[in-house]
Visitor: 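Shown below is the structure under consideration.
Only this structure's heavy atoms are used, side chains among them; waters, hydrogens and symmetry mates stay out. In listed order, ligands and their atoms are each counted from 1.
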Amino acid sequence: MVKKGLLLYSGGLDTSVILKMLQDKLNMDVVALTLDIGQEENDLKAISDKAWKLGAVDVISKDVKTKFAKDFISKEIKADGLYDGVYPLSTSIARPLMSQEAVSYAEQHDCDVIVHGCTGKGNDQVRFEVSIKALNCDLEVIAPIRDWNLNRDNEMEYARKNGIPVKLGGKYSTDENLWGRSVEGSDLEDPRNPVPEDAYSWITPPYLSANEPLEVAIKFEEGLPISLDGKYLTPENLIAKLNSIAGSAGFGGIDHLEDRVTGIKSREFYECPAAMTILTAHKALERMTLNKEEVSMKNILDAKWSDLVYVGLWFDPILDHINAFENSVNANITGEVRLQLHKGNCRVVGMESQNSLYNYETSTYGKMDIFDQSMAKGFVNIFGLQTVNTTKARRNKIQELVRN
Ligand code: ARG
């Protein structure tokens with residue numbers, strides 16, 4: 001029986017060669033699916049035309065930017081998602097969305113296989129395959145670049161022989177969506193090299209960015225950004241606008257030597273101006289609106305959330321449990337944060353919140369002070385009790401310390 005496969009199709013060299021090979025090698029009927037998640041190369045019409053020309057039996061293209069912002073990016077903002085404390089997971093969080101769309105269309109079109117264009121060295125194969133199987137374990141997954149050992153040379157050769165139009169990409173391997181741009185390969189592969197100027201695209205290199213600082217104000221409601229400089233915007237528009245503002249101030253570049261799931265250390269450069277600005281503001285507002293224990297537990301669960309998402313476990317139920325905690329604490333994170341962006345830096349320069357836990361009258365050293373200092377004496381005695389008891393019992397050791 002002829003198999004029917006759903007191919008996640010970008011229109012680039014890899015997936016174009018795959019589209020043709022699946023027909024040649026496996027006699028497969030191929031449905032091509034292209035998603036607009038905010039990448040620059042988003043001429044869906046041109047990509048669809050190419051898929052039809054290469055013999056697809058059906059071609060689907062869909063703008064999923066709103067869904068991406070609403071169901072994926074928003075969860076990350078609430079969880080302050082940063083892998084290794086620095087990478088805002090821009091590529092990582094798009095993969096479960098793409099998998100979800102692929103499974104949904106594969107089911108609608110009676111496909112038995114989903115095909116993706118990942119190599120065997122990266123994280124994305126893990127994210128796609130675990131997500132697809134978690135959503136429908138009866139679907140088979142094929143990754144021809146990995147499974148058939150394809151490389152740039154034999155792909156180019158095949159493309160030439162089969163009349164596949166080839167538009168050569170730049171010297172770097174890149175991946176883009178609304179939340180960020182990932183760049184790897186070429187000069188970045190030598191960690192001794194600084195990030196070369198030609199690796200930048202969304203961001204003006206900080207050393208070339210404007211001398212004048214920029215200021216932006218972001219309003220949050222229950223943990224999510226709703227307005228920029230007083231203007232209410234949809235999440236995807238707010239992010240797009242902030243990408244260009246913060247990018248022009250040189251902010252949002254991350255030069256990261258990263259540990260992949262596959263055990264490989266890779267050097268990646270990320271451009272995530274909106275993500276880094278929003279996460280900086282969110283983190284600040286959370287310090288104003290959450291108490292010490294809430295912040296402390298949130299830090300632990302945020303780090304766990306980020307690790308789980310990085311390694312591709314978006315659909316593991318543990319993430320639902322963590323998201324329930326994140327929703328609960330984020331219900332308090334409402335307010336406005338002002339930030340100054342300047343030559344690659346972003347500083348919080350002011351914030352306010354109706355839910356602020358900052359209490360001027362207890363914090364001030366000025367005359368408005370209502371804090372009763374006499375309460376502190378007894379508190380300090382009791383607080384230090386166990387330490388003082390222990391050191392008393394071990395006096396010899398302590399005396400040595402004092403004498404030296
Ligand atoms: N290392 C990143 C991640 O696993 C991004 C990989 C994106 N691919 C690229 N060609 N730059 O999330």
Visitor: Classify the contact between Thr174 and ligand 1 as side chain, backbone, both or neither, using a heavy-atom distance cut-off of under 4.0 Å.
Guide: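 Backbone only.
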Visitor: Among all protein heavy atoms, pick the one closest to atom 2 (C) of ligand 1 and tell me residue, atom and distance.
Guide: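 Going atom by atom, the protein heavy atom closest to atom 2 (C) of ligand 1 ends up being Tyr270 OH, 3.0 Å.
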Visitor: Think Arg127 forms a cation-pi with Tyr310, using NZ or CZ under 6.0 Å from the six-ring centre and within 45 degrees of its axis?
Guide: yes
Visitor: Looking only at heavy atoms, is any part of Arg127 under 4.0 Å from ligand 1, and if so is it the side chain, the backbone, or both, or is it neither?
Guide: side chain
Visitor: Under 4.0 angstrom from ligand 1, any heavy atom of Tyr172?
Guide: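 It does not, in that no heavy atom of Tyr172 comes within the 4.0 Å cut-off of ligand 1.
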Visitor: How close does the nearest protein non-hydrogen atom get to atom 10 (N) of ligand 1, and which residue and atom is it?
Guide: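 Here the closest protein heavy atom is Ser173 OG, 2.6 Å.
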Visitor: Would Glu326 and Lys78 pass as an ion pair if we require N to O under 4.0 Å?
Guide: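 No, no charged N to carboxylate O under 4.0 Å.
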Visitor: Going by distance only, is there an N or O of Glu258 that falls short of 3.5 Å from an N or O of ligand 1?
Guide: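 Between Glu258 and ligand 1, an N or O pair is found under 3.5 Å apart.
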Visitor: Can you list the ligand 1 atoms lying under 4.0 Å from a non-hydrogen atom of Ser92?
Guide: 12 (O)
Visitor: Indicate, as side chain, backbone, both or neither, the part of Phe269 found under 4.0 angstrom from ligand 1 when only non-hydrogen atoms are considered.
Guide: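 Neither part.
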Visitor: Are Lys298 and Asp302 ion-paired here, with the side-chain N under 4.0 Å from a carboxylate O?
Guide: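 Answer for the salt bridge query: yes.
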Visitor: Backbone or side chain, does any N or O of Asp124 fall under 3.5 Å from an N or O of ligand 1?
Guide: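 No, no N or O pair falls under 3.5 Å.
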Visitor: Minimum heavy-atom separation for Glu40 and Glu176, please, with both atom names.
Guide: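 Distance-wise, the nearest heavy atoms are N-OE1, 2.6 Å.
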Visitor: Taking only Lys NZ, Arg NE, NH1 and NH2, and the carboxylate oxygens of Asp or Glu, determine whether Lys45 and Asp49 approach each other closer than 4.0 Å.
Guide: yes
Visitor: Just jot down the ligand 1 atoms closer than 4.0 angstrom to any heavy atom of Asn123, in number order.
Guide: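 So the atoms of ligand 1 that pass are 3 (C), 4 (O).
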Visitor: Answer yes when Glu140 and Lys3 have at least one side-chain N-carboxylate O distance shorter than 4.0 Å, and no when they do not.
Guide: yes
Visitor: Write out the residue and atom name of the closest protein heavy atom to atom 9 (C) of ligand 1, then the distance separating them to 0.1 Å.
Guide: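 Here the nearest protein heavy atom works out to Glu184 OE2, 3.2 Å.
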Visitor: So, does Arg260 sit close enough to ligand 1 that a heavy atom of it is under 4.0 Å from the ligand?
Guide: no
Visitor: Would you name the heavy atoms of Ser182 and Tyr87 that are closest together and state the gap between them?
Guide: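 Heavy-atom minimum between the residues: OG-OH, 4.4 Å.
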Visitor: Under 3.5 Å between any N/O of Glu268 and any N/O of ligand 1: does that happen in this structure?
Guide: yes
Visitor: Taking a cutoff of less than 4.0 Å between a non-hydrogen atom of the residue and any ligand atom, is Tyr87 in contact with ligand 1?
Guide: yes
Visitor: Are Glu400 and Lys397 ion-paired here, with the side-chain N under 4.0 Å from a carboxylate O?
Guide: no
Visitor: Apply ring pair (Phe, Tyr, Trp, His ring centres under 6.0 Å) to residues Phe68 and Trp179 and explain how you reach the verdict.
Guide: CA-CA 9 Å; Phe68 185 37; Trp179 202 229; 7.9 Å; no
